[in-house]
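Labels below follow one simple rule: chain letters A, B, ... track the order of the sequence lines, proteins then strands, and each chain is numbered from 1.
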Amino acid sequence: MLEDEYQLDFFYENGFIRKQCSKCGKFFWTRDVDRSTCGDAPCDPYSFIGDPVFKKNYDLSEMREYYLKFFEDRGHTRLERYPVVARWRDDIYLTIASIADFQPFVTSGQVRPPANPLTISQPCIRLSDLDAVGRSGRHLTTFEMMAHHAFNKENEEVYWKDHTMELCDELFNSLGADPLAVTYKEEPWAGGGNAGPCVEALIGGLEVATLVFMDLEQSGQGNILIKGDQYRKMDNYIVDTGYGLERFVWASKGSPTIYDAVFPNIVNELMGLAGIEHELDNSEYANILAQNARFAGLMDVSEKANLFQLRKQVASSIGTTVDKLSTIMEPVENVYAITDHTRCLTFMLADGIIPSNVKEGYLARLVLRRTLRKMNEMDIRIPLSEIVEMHIDNLPEYPEFGEKLDVIRDILEHEEKKFADTLERGRRMIRKSAKHYKSAGEKIPLSTVIEMYDSHGIPPEVSKEAAAEMGVETELPDNFYSLVAEGHSRAEAKVEKVFPYADKVDKLPKTKRLFYDEPARMEFEAVVLDVFDNHLVLESTLFYPEGGGQPADHGTITVYDDVLNVVDVQIVNGVVVHTINGTEDEFHLRKGDLVIAKVDEERRMAHACHHTATHIVNDAARKVLGDHVWQTGAQKTVERARLDISHYKRITQDELNQIELIANRTVMENQRVTAEWMDRVDAEKKYGFKLYQGGVPPGNRIRVLKVADDVEACGGTHCTSTGIVGPIKMLKTERIQDGVERIEYAAGLAAVRATQKLQSYLDQSAEALRVLPEHLPSTIERFFGEWKDFKKENEKLKDELAHVRVAGMINDAIDIGGIRVIASLVPNADAEELVKIAGELTREKDVVSILVSDAEGVKIVAAAGNDALIAGANAGSIVREMSKVVGGGGGGRPNMARGGGVDPLKVNDSLECGVALLKEQLKVA
RNA sequence: GGGCUUGUAGAUCAGUUGGAAGAUCGUCGCCUUUGCAAGGCGAAGGCCCUGGGUUCGAAUCCCAGCAAGUCCA
């Protein structure tokens with residue numbers, strides 16, 4: 001079936017023939033009648049190294065510009081790149097392909113494309129082959145996907161396969177590629193719920209472009225089977241191409257590795273710092289790298305076993321040993337990886353990712369720490385920010401990077417310190433553990449190494465190294481990381497809550513939402529469209545459904561004489577569903593009834609104040625903390641609101657005060673709050689992706705809300721001007737994740753109430769201490785100091801008291817088998833005092849003391865001096881038995897034990913019991 | 001979003017089965033020394049993160065919170 005897809009006029013008219021690869025069996029198109037292989041790895045090895053495929057060599061910006069200009073000249077609109085962090089999507093963190101820019105709404109046909117056809121060079125980040133980066137000679141974490149896209153609809157076709165192939169082929173020809181060297185391999189493509197035929201463009205053994213003709217979508221009813229899944233034709237069909245900028249540059253230069261082609265000056269600089277002579281003019285050295293890249297091109301080197309295979313092949317091809325080769329290659333590979341990783345970090349941080357322990361922030365930290373480890377290994381002792389600065393200088397076509405330099409430097413310094421601390425902490429833990437296993441004469445077990453990594457972030461090599469310094473071996477198998485993964489329990493798939501009547505609701509027309517046009521109106525009449533149990537759908541409503549962190553409106557709906565309470569309002573696919581407190585039996589509503597409804601105005605106003613305040617605070621936070629601040633969540637209630645923002649440090653009280661001041665200033669300026677329905681594409685162009693801080697709404701048109709300098713796509717109900725918000729009172733900050741700060745505040749009347757509450761805390765505290773509130777800090781400090789002094793003095797007095805008492809008590813000792821025994825009641829003494837007395841008494845070696853007190857129930861302490869112990873006395877068992885008598889328990893060591901009970905009347909019985917037991921122990925009849 | 005680890009003296013950390021809060025470094029005082037480095041003797045310094053619970057008794061066990069670290073999606 002799919003075969004027909006590739007029978008293009010373009011091929012036939014341009015002298016191509018379809019062949020089947022003699023090695024992999026796949027079909028491909030070529031102009032070369034003698035060719036028998038498809039041109040892709042592993043069927044064809046790299047031939048471009050040392051033998052560039054284009055007539056001229058290009059650096060990144062030249063190549064990018066050439067490409068974009070080429071497509072611009074051929075009717076495409078050039079688009080600015082999108083950020084590497086996919087702010088407009090909630091299903092992926094990073095931009096992994098140019099088409100990701102247009103998913104999901106443009107590709108689904110819901111939103112018109114920003115231009116059609118268009119061309120773009122989109123920086124992408126893929127961390128899936130992290131281990132291969134540096135080793136394979138071709139893998140990068142960050143690359144630019146140059147692309148031209150055409151979005152076709154039935155009866156509105158821009159262009160499809162033939163023209164796409166034509167453009168691609170023309171591009172190669174214009175760059176001076178040998179037409180006979182270019183092959184186009186057929187390779188059906190599927191991913192992310194879509195699929196379609198695809199052609200890979202290959203030259204010199206290198207895949208440089210992928211041309212996807214996306215025209216299928218996954219569907220249970222589909223009749224096209226690809227890789228076991230069913231697909232069906234889509235109404236719209238999309239030309240999704242991807243040309244690897246870095247690969248084009250590499251192919252144009254023919255350097256041994258892609259790294260030497262893409263950022264040669266930084267590679268050289270770092271090689272120098274690492275003390276490696278990276279002389280590509282040296283043909284022997286260049287040959288090693290080239291051979292490595294050629295062989296690596298044929299395999300996946302992210303696995304250790306494969307890496308060894310690679311080494312073996314390269315070693316034998318140049319006539320050396322694996323060991324010798326490894327000592328040459330490993331440092332070079334590390335430097336390549338460092339160069340690549342730092343470029344990745346440059347894009348990540350400049351586009352606003354804050355390193356964190358969750359989400360995309362974790363990915364940034366992962367790359368960052370990996371880089372630091374490699375730098376450490378290579379003994380490159382410069383701040384990370386210096387390398388990042390080199391990249392920024394190297395990428396003048398991204399002027400926005402330079403503007404972020406100060407924040408980036410700050411973040412990097414902070415992260416470097418953090419990692420150094422973590423490692424130092426880890427080394428200490430390992431040393432401790434090593435000491436333990438050394439004395440036992442054992443290796444450090446795997447479980448410890450896993451825990452060090454999993455719970456404390458200490459890479460296994462670091463553990464091993466630290467242990468080795470102590471002369472202890474470490475158990476560290478090759479499949480360490482998979483063992484770590486095994487230890488993790490599988491996350492349970494969460495069951496998403498589905499509205500039970502979703503099917504029926506889907507058939508109803510979308511509810512007219514009146515609250516946008518008439519934000520001040522609270523009463524309305526409407527016709528009932530349908531009723532499901534206690535859920536009610538009206539044809540129009542003033543009730544705001546929960547959304548955007550704003551809770552649902554409450555209120556009443558009156559029908560005939562029944563007043564029904566609305567306790568929840570949700571929106572299901574554009575249909576607003578009101579939930580009534582009660583069951584259907586209790587009220588009598590039918591389709592077509594006319595109801596009078598009233599929204600709880602106070603609740604709505606409180607929400608509106610907090611919602612508008614949230615935008616104001618967000619704006620103020622960005623002004624105080626910096627432009628990297630990004631809203632990651634928000635929630636409003638009647639009493640308070642909270643805003644989560646990305647920030648790499650804790651917010652200080654001083655900063656919070658500033659935010660509060662700026663926010664209240666915005667309020668006092670009484671600026672108009674405006675909401676405007678805009679075309680999505682226009683809005684994005686005008687305001688950027690900051691629009692989507694509160695979430696990404698669906699649809700072609702979005703509601704753009706402007707509050708002060710904050711512009712966001714927001715569907716909430718708001719105050720009409722900032723003055724109406726009233727005072728904004730900061731309540732607290734909280735660190736909900738590393739890199740995410742939560743600010744809590746109250747606005748309007750809630751702010752006044754919050755302030756009053758704080759005031760009452762102060763007043764109550766001041767009153768309790770009988771001072772004025774302004775004297776609280778000094779008074780409390782004094783009190784706390786005095787309390788500590790009293791505590792110490794109390795301790796001292798008890799010591800002295802014990803000392804004094806002891807003198808009297810020792811005289812009352814009775815002799816039991818040569819041991820002096822003091823068994824007595826010490827009235828009102830607490831356990832602490834008894835211990836002191838007993839301790840004091842038993843400094844005499846031949847003494848056993850059994851003390852009982854009637855404070856707070858019964859306290860019992862027994863102690864035995866050294867001679868008494870030898871004679872058989874055991875305070876522990878004495879106390880245990882005595883405690884039973886008074887209805888409690890106790891125990892301790894033979895020389896000192898404590899216990900107690902609840903029955904003070906049995907104090908004497910208990911003492912007698914203790915003495916009797918002691919006699920037994922001392923074997924005195 | 002899920003998992004794991006940790007909060008004890010100024011710092012780094014011990015603290016057994018629940019039963020007398022410790023070590024090392026640092027600080028202070030005295031001694032030794034021509035001086036420095038160091039050594040000797042001694043001292044100060046603890047809401048054992050917070051709040052509940054279990055218990056005669058909690059740094060220790062349980063629950064909740066706060067703070068910190070870390071792995072993964």
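- When distances run from any side-chain atom of A/Met896 to the nucleotides B/A20, B/C71, B/A67, the shortest one goes to B/A20.
- The residue A/Phe784 sits close to a base: some heavy atom pair falls under 4.0 Å.
- Under 4.0 angstrom from either OP1 or OP2 of B/G45 there lies at least one side-chain N or O belonging to A/Lys792.
- With hydrogens and angles left out, the side-chain atoms of A/Tyr648 and A/Ser356 include no donor and acceptor closer than 3.5 Å.
- The separation of B/A23 from B/G46, taken at their P atoms, amounts to 16 Å, rounded to a whole angstrom.
- If you check every strand for non-hydrogen atoms under 4.0 Å, A/Tyr481 touches nothing.
- Rounded to the nearest Å, the gap between the C1' atom of B/U54 and that of B/C61 is 8 Å.
- The interatomic distance linking A/Leu905 (CG) with B/C56 (C1') rounds to 16 Å, in whole Å.
- Looking at heavy-atom distances under 4.0 Å, A/Arg369 makes contact with sugar-phosphate atoms alone, never a base.
- The separation of B/U50 from B/G7, taken at their C1' atoms, amounts to 11 Å, rounded to a whole angstrom.
- With B/U5, B/C13, B/U70 as the candidates, the nucleotide lying closest to the side chain of A/Ser455 is B/U5.
- No more than 12 heavy-atom neighbours from other residues, nucleotides or ligands sit within 6.0 angstrom of CZ on A/Arg843.
- Checking A/His456 against A/Lys836, the closest nucleotide of RNA chain B that is more toward the 5' end is the one next to A/His456.
- Between B/A20 and A/Arg893, a contact under 4.0 Å exists linking OP1 or OP2 to a side-chain N or O.
- Which of B/C56, B/A73, B/U5 sits closest to the side chain of A/Val902 comes down to B/C56.
- Contacts of A/Gly457 with the nucleic acid, taken as non-hydrogen atoms under 4.0 Å apart, involve only primed sugar atoms and P, OP1 or OP2.
- The side chain of A/Lys788 approaches B/G46 more closely than any other nucleotide in the set B/G46, B/A67, B/C71.
- The side chain of A/Lys359 lies closest to B/A73 when the candidates are B/C47, B/C71, B/A73.
- Rounded to whole Å, the separation between the C1' atoms of B/U60 and B/G19 comes to 11 Å.
- Using a 4.0 Å heavy-atom criterion, one finds that A/Glu832 contacts the sugar-phosphate atoms exclusively.
- Within 4.0 Å (heavy atoms only), A/Thr422 reaches sugar-phosphate atoms of the nucleic acid but no base atom.
- B/A21 and B/G65 have their P atoms separated by 31 Å, given to the nearest Å.
- Between A/Lys418 and B/G69, a side-chain N or O to OP1/OP2 separation shorter than 4.0 Å is present.
- Listed pair A/Arg650 / B/A68 meets the phosphate criterion, a side-chain N or O lying under 4.0 Å from OP1 or OP2.
- The nucleotide whose nearest atom lies closest to any side-chain atom of A/Arg898 is, among B/A73, B/A20, B/U5, B/A20.
- On the C1' atoms, B/U12 is 32 Å away from B/G35, given to the nearest whole Å.
- At the phosphate of B/C13, OP1 or OP2 sits under 4.0 Å from a side-chain N or O atom of A/Arg428.
- Between B/A68 and A/Arg735, a contact under 4.0 Å exists linking OP1 or OP2 to a side-chain N or O.
- Partner of A/Asp421 under the side-chain hydrogen bond (donor to acceptor under 3.5 Å, both in side chains) criterion, out of A/Lys418, A/Lys417, A/Arg425: A/Lys417 alone.
- Comparing B/C41 with B/C56, their P atoms are spaced 46 Å from each other, to the whole Å.
- Across all strands shown, nothing is found opposite B/U54 as a Watson-Crick or G-U wobble partner with both distances under 3.5 Å.
- Judged by distance alone, the side chains of A/Gln653 and A/Asn657 do bring a donor and an acceptor atom under 3.5 Å apart.
- Applying the 4.0 Å criterion to OP1 and OP2 of B/U70, one finds that A/Arg365 has a side-chain N or O inside that range.
- Straight-line distance between the C1' atoms of B/A14 and B/U6: roughly 15 Å, to the nearest whole Å.
- Atom CG in A/Asn895 sits roughly 9 Å away from atom P in B/A20 (whole-Å rounding).
- Between the side chains of A/Glu741 and A/Ser646, no donor-acceptor pair is found at a separation under 3.5 Å.
- Figure legend: cation-pi geometry between A/Arg782 and A/Trp787 absent, as NZ or CZ is not positioned both under 6.0 Å from the six-membered ring centre and within 45° of its axis.
- Heavy-atom distances to RNA chain B give each of A/Asp738 and A/Ala897 a nearest nucleotide, and the one nearer the 5′ end belongs to A/Ala897.
- Judged purely by atom type and a 3.5 angstrom limit, A/Lys438 uses its side chain to pair as donor or acceptor with the backbone of A/Met470.
- Ring geometry for A/Tyr82 versus A/Phe689: interplanar angle of 30 to 60°, hence tilted.
- Among the atoms of the strands shown, none is found under 4.0 Å from any heavy atom of A/Ile92.
- If you check every strand for non-hydrogen atoms under 4.0 Å, A/Val861 touches nothing.
- Look at A/Lys432 and you won't find any side-chain N or O under 4.0 angstrom from OP1 or OP2 of B/C13.
- Counting non-hydrogen atoms under 4.0 angstrom, A/Gly891 reaches a base of the nucleic acid.
- Note: CG (A/Leu423) to P (B/C71) measures 10 Å, nearest angstrom.
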